[in-house]
There are 2 protein chains.
Amino acid sequence: MKLEEAQHQFIASWGAFGSHWGINRTMAQIHALLMISPDPLSQDDIMEQLNISRGNVNMNIRDLVDWGLVFRILIPGERKEFFSAEKDIWKVATQIVKERKKRELDPMLRLLDQLEDVEGDKKDKHIKQFTETVSSIRRFGLQADKMLDGLVKADENWFLGNLMKIFR
Amino acid sequence: MKLEEAQHQFIASWGAFGSHWGINRTMAQIHALLMISPDPLSQDDIMEQLNISRGNVNMNIRDLVDWGLVFRILIPGERKEFFSAEKDIWKVATQIVKERKKRELDPMLRLLDQLEDVEGDKKDKHIKQFTETVSSIRRFGLQADKMLDGLVKADENWFLGNLMKIFR
DNA sequence: CTGAAGTTTCAAAAATTAATGAAATTAATT
DNA sequence: AATTAATTTCATTAATTTTTGAAACTTCAG
């Protein structure tokens with residue numbers, strides 16, 4: 001397969017993949033483009049390569065920077081800003097886990113905590129089912145939370161090495 | 001907090017939560033409603049409780065059944081169909097992992113496999129960066145794949161027990 | 001077989017989310 | 001301080017996704 005074609009395919013499917021994970025298609029495509037670019041790119045480079053508007057590039061780049069997946073690069077002598085992606089896939093993954101945990105899991109756990117005690121007759125089946133469901137989800141979430149904390153802190157090889165042993 | 005209020009909050013936020021995970025809001029809300037319902041509900045019950053149309057309930061229920069998160073229940077003597085959710089949160093999680101792996105990770109890995117060998121000078125920095133990126137993502141994906149297979153097969157307590165030991 | 005109850009489908013409408021591009025802002029250069 | 005380059009914002013437009021509701025279909029009962 002030709003490089004150009006392969007690059008396009010990669011960008012397109014990383015975009016589709018990302019859209020299943022709460023990351024919008026364009027953001028994921030920009031990320032893909034930057035991951036396969038040996039050198040940092042400017043906003044204009046990205047606009048040209050992906051055929052998208054300046055505003056769109058700007059907004060999505062900013063989100064990527066917020067997510068810690070892309071860095072602003074200042075090239076001496078150049079007036080423009082350039083951008084470069086984190087290329088260590090393990091760091092990409094832990095970064096995403098960390099951010100999503102903060103944005104989604106943590107708030108959900110805080111809510112479940114509040115919902116766990118509702119007023120009323122503990123024998124009522126509606127109350128019983130509700131509190132059972134909420135507390136089991138909460139317990140599960142707390143476990144996941146701990147596990148993800150560990151994951152984020154862990155060193156790549158150490159983690160995968162151990163996990164592989166467990167799972168054969 | 002009153003039961004009714006707590007139920008509404010739970011349904012609303014489970015919906016919001018789900019929408020970050022590629023599951024649409026209504027589908028997640030129906031799932032939430034069924035998880036906290038002590039008895040199976042009919043399509044009409046769901047329409048009424050969530051204020052959504054018949055068609056909408058029908059389509060989303062079908063998806064939930066496809067995902068293996070909701071079961072059709074036939075109540076003897078009743079003409080209507082009733083629905084009930086899987087309430088074991090561990091099963092819910094493994095079911096989701098299994099489905100998403102099949103729908104997303106597996107196809108992505110198949111693509112990466114093809115993209116790994118592009119024509120041309122292996123010394124060219126564009127080719128080099130591309131193949132490096134693709135193959136590192138692929139290696140990572142294969143690890144994740146194995147790990148998730150293990151996860152899905154594992155028994156709840158066994159898995160959490162082990163993982164907790166690792167992560168302190 | 002006929003009618004009523006229940007379920008499914010799907011084209012059209014509504015709602016939501018993303019993209020554009022021009023204007024405003026900021027930063028660097030002369 | 002004026003000019004030019006680069007970046008950011010955001011109201012408008014476009015695209016996508018979700019919801020509706022009525023018609024078609026299916027199933028069961030009499």
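Every chain is numbered from 1 and lettered A, B, ... according to where its sequence line falls, protein lines coming before strand lines. The model shown is predicted, which means the values in this text are computed figures rather than measured ones.
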K.L.:
Which residues pass the side chain to side chain contact (heavy atoms under 4.5 Å, CB included) test with B/Pro38, not counting sequence neighbours?
P.N.:
A/Lys125, A/His126, A/Gln129
K.L.:
Tell me: CD of B/Glu81 to P of C/dA5, nearest whole Å?
P.N.:
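Atom CD in B/Glu81 sits about 17 Å away from atom P in C/dA5.
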K.L.:
Are any side-chain N or O atoms of B/His31 and backbone N or O atoms of B/Met27, one a donor and one an acceptor, separated by less than 3.5 Å?
P.N.:
no
K.L.:
Round to a whole Å and report the spacing from CD1 of B/Ile23 to C1' of D/dT17.
P.N.:
16 Å
K.L.:
Which residues end up grouped with A/Ile75 if you chain together Ile, Leu, Val, Met, Phe, Trp and Tyr wherever their side-chain heavy atoms are less than 4.5 Å apart?
P.N.:
A/Ile73, A/Phe82
K.L.:
Other than A/Leu74, which residues form its hydrophobic cluster under the rule that side-chain heavy atoms must be closer than 4.5 Å?
P.N.:
none
K.L.:
Does A/Glu48, at its CD atom, have more than 12 non-hydrogen atoms belonging to other residues, nucleotides or ligands within less than 6.0 Å?
P.N.:
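No, CD of A/Glu48 has 12 or fewer neighbouring heavy atoms, counting only those of other groups under 6.0 Å.
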K.L.:
B/Ser53: what forms a side chain to side chain contact (heavy atoms under 4.5 Å, CB included) with it, not counting sequence neighbours?
P.N.:
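Listed in chain order: B/Asn56.
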K.L.:
May I ask you to list the residues of residues 24-44 of chain A, by number, that have any heavy atom positioned under 4.0 Å from an atom of DNA chain D?
P.N.:
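Listed by number, they are A/Gln43.
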K.L.:
Could you tell me the separation between the CD atom of B/Glu48 and the P atom of C/dG6, rounded to a whole number of Å?
P.N.:
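Rounded to whole Å, this separation is 14 Å.
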K.L.:
Rounding to a whole Å, what distance do you find between B/Lys80:NZ and C/dT8:P?
P.N.:
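Taking atom P of C/dT8 as the reference, NZ of B/Lys80 is at 14 Å.
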K.L.:
Between protein and nucleic acid, restricted to nucleotides 27-30 of chain C and to nitrogen or oxygen atoms under 3.5 Å apart, what atom pairs and distances do you find?
P.N.:
residue: C/dA28; atom: N3; partner: A/Arg79; partner atom: NH2; Å: 3.4

K.L.:
Could you tell me which residues satisfy side chain to side chain contact (heavy atoms under 4.5 Å, CB included) with B/Asp113, sequence neighbours excluded, listed by chain and number?
P.N.:
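Counting only residues at least two positions away or on another chain, B/Asp113 forms a side chain to side chain contact (heavy atoms under 4.5 Å, CB included) with B/Glu116, B/Arg138.
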K.L.:
Round to a whole Å and report the spacing from NE2 of B/His20 to C1' of C/dT17.
P.N.:
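Atom-to-atom, B/His20 to C/dT17, this comes out as 13 Å.
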K.L.:
Using whole Å, report how far CD1 of B/Ile73 lies from C1' of C/dT7.
P.N.:
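B/Ile73 atom CD1 is separated from C/dT7 atom C1' by 17 Å.
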K.L.:
If we call it a pair only when both distances are under 3.5 Å in a Watson-Crick or G-U wobble match, what pairs with C/dT26?
P.N.:
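Per the H-bond distance test, D/dA5.
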K.L.:
Residues in side chain to side chain contact (heavy atoms under 4.5 Å, CB included) with B/Ser37, at least two apart?
P.N.:
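Partners of B/Ser37 by the side chain to side chain contact (heavy atoms under 4.5 Å, CB included) criterion, ordered by chain and then number, come out as B/Leu33, B/Leu41.
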K.L.:
Quickly work out the B/Leu74 CG to D/dT27 P distance and round it to whole Å.
P.N.:
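Value for this atom pair: 13 Å.
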K.L.:
Other than A/Phe71, what residues sit in its cluster of Ile, Leu, Val, Met, Phe, Trp and Tyr side chains whose heavy atoms are under 4.5 Å apart, directly or through others?
P.N.:
none
K.L.:
Of all residues at least two apart in sequence or in a different chain, which pass the side-chain hydrogen bond (donor to acceptor under 3.5 Å, both in side chains) check with B/Gln43?
P.N.:
B/Asn58
K.L.:
Please state how far atom CG in A/Leu50 lies from atom P in C/dA18, giving the value in whole angstrom units.
P.N.:
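In whole Å, C/dA18 P and A/Leu50 CG are 17 Å from each other.
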K.L.:
For A/Glu104, enumerate each residue passing the side-chain hydrogen bond (donor to acceptor under 3.5 Å, both in side chains) test, keeping only those at least two apart in sequence or located in another chain.
P.N.:
A/Arg100, B/Trp21
K.L.:
What residues in residues 52-61 of chain A put a non-hydrogen atom under 4.0 Å from any atom of DNA chain D?
P.N.:
A/Arg54, A/Gly55, A/Asn58, A/Met59
